[in-house]
2 protein chains.
Amino acid sequence: MTETTLEMARAEIDPEAACPIAPVVDIVFSRWTTPILWALNEYGRQRFVELERRITSITPKVLTQRLRQLERDGLVVRTYHPEVPPRVEYEISELGRSLAPLFASLAEWAAGNLEKVERARQDYDGREPLPGRRA
Amino acid sequence: MTETTLEMARAEIDPEAACPIAPVVDIVFSRWTTPILWALNEYGRQRFVELERRITSITPKVLTQRLRQLERDGLVVRTYHPEVPPRVEYEISELGRSLAPLFASLAEWAAGNLEKVERARQDYDGREPLPGRRA
DNA sequence: CAGCATCCTTCCGGATACTG
DNA sequence: CAGTATCCGGAAGGATGCTG
């Protein structure tokens, strides 16, 4: 398997990640990319403003940046219509769509375990500082 | 002033209005958490220095911050041994271990599709600017 | 409408020095 | 060893103004 060797080589070259999924995380789970991909996968081809309105609290500048990145990585397809006013549409690519089951698993994990995380936090915040921590 | 701004990061502006998996992404895929969880899941209970050495290029300060966060979220268990010199061990929790299949799926996706991403990038960088972009 | 340019602020995260 | 405290630089991200 050439891919295994590639993985190993990459892990060796990039030592900060002795972790083979680090590159994917960079690509798929960097800031804002998840909501964007989710929106495109869930609601289909959309214009810039639609995405902007759907993903509240993202600024147009950042949305543009992220869409460029996703387009460059082949996860999103951008279509420009030379009209007046101009119209641009974004849709998820086939490669991007291949992430759907992964996202579904993630949603499933969230549904089952997010509550536990919340309880762990309250537990942690509630108890007194333990030995070996602070003074 | 302490740098416990992780809780501020928690206070994400965007409730899961756009995307239901956003909270999980914040918890599991924030900076450095993936290599840490991977190391703990792969190599079992470890001391602070072991993690530090395994995850090269992470500073002790940041490692501490991330371990605190993971402990608070219930994904990692910290054990303090009151000895001289002090000894602290970290291990993945049951909740943390429940992420393993997810990580495996991610690794699988990476093995099959990372190459496509790389090709998409080269393609994107190689072709001339398209209409609707720059002037 | 889409998005680029510019300025400006915030905020990690690195480096260093110091304790129990 | 396993941290904490402090300072600081660079990059991410917000706000504004302007084009095709």
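Since we're looking at a predicted model, the values are computed, not measured. Here is the naming used below: chain letters follow the sequence lines, and residue numbers restart at 1 for every chain.
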Determine: side-chain N/O of B:Tyr90 to OP1/OP2 of D:dG3, distance under 4.0 Å, yes or no. yes

Begin from the C-alpha positions of B:Asp125 and A:Arg72 and carry the test salt bridge (charged side-chain N to carboxylate O under 4.0 Å, His left out) through to its verdict. CA-CA 8 Å; B:Asp125 294 341; A:Arg72 193 176 99 102; 2.5 Å; yes

Checking contacts here: which listed nucleotide (D:dC1, D:dG13, C:dC1) is nearest the side-chain heavy atoms of A:Arg31? D:dG13

How many whole angstroms separate atom CD1 of B:Ile55 from atom P of D:dA2? 14 Å

Rounded to the nearest angstrom, tell me the gap between atom CD in A:Glu52 and atom C1' in C:dC1. 10 Å

Give a yes/no on whether any side-chain N or O of A:Arg78 is located under 4.0 angstrom from OP1 or OP2 of C:dA2. no

CZ of A:Arg87 versus C1' of D:dG20: gap in Å, rounded? 17 Å

Tell me whether B:Arg47 forms a cation-pi arrangement with B:Tyr90, defined as NZ or CZ under 6.0 Å from the six-membered ring centre and within 45 degrees of its axis. no

Proximal nucleotide (of D:dT4, D:dC1, C:dC4) relative to the B:Thr64 side chain: D:dT4

Pick base, sugar-phosphate or nothing for B:Pro60, based on heavy-atom distances below 4.0 Å to the nucleic acid. nothing

Using 4.0 Å as the upper bound for N to carboxylate O, is an ion pair formed by B:Arg45 and B:Glu89? yes

Would you say the base of D:dG3 and the side-chain of B:Lys61 have a donor-acceptor pair closer than 3.5 Å? no

Nearest-Å distance for atom pair CZ/P, residues A:Arg66 and D:dA11: 15 Å

Nucleotide nearest A:Arg47 when distance is taken to its side chain, options C:dC1, C:dA15, D:dA2: C:dC1

Distance in angstrom units between B:Ile58 CD1 and C:dG13 P, rounded: 9 Å

Would you say B:Gln69 and B:Arg66 are linked by a side-chain donor-acceptor pair, where the criterion is simply a distance under 3.5 Å? yes

Options C:dA15, C:dG3, C:dC1, nucleotide nearest the side-chain atoms of A:Val88: C:dG3

Would you tell me if any nitrogen or oxygen in the side chain of A:Thr59 comes within less than 4.0 Å of OP1 or OP2 on D:dG14? yes

May I have the distance from A:Tyr80 (atom OH) to D:dG20 (atom C1'), rounded to whole angstrom? 7 Å

Taking the side chain of A:Val62 as heavy atoms from C-beta outward, which of D:dG14, C:dA15, D:dA2 is closest to it? D:dG14

Can you tell me the distance, in whole Å, between the CD atom of A:Gln65 and the P atom of D:dA15? 14 Å

Using whole Å, what does the distance between atom P of nucleotide C:dA2 and atom CD of A:Glu89 come to? 9 Å

How close do B:Ala100 and B:Asn41 get, counting heavy atoms only, and between which atoms? CB-ND2, 4.2 Å

Which nucleotide in C:dG14, D:dG3, D:dA15 has an atom nearest any side-chain atom of B:Arg68: D:dG3

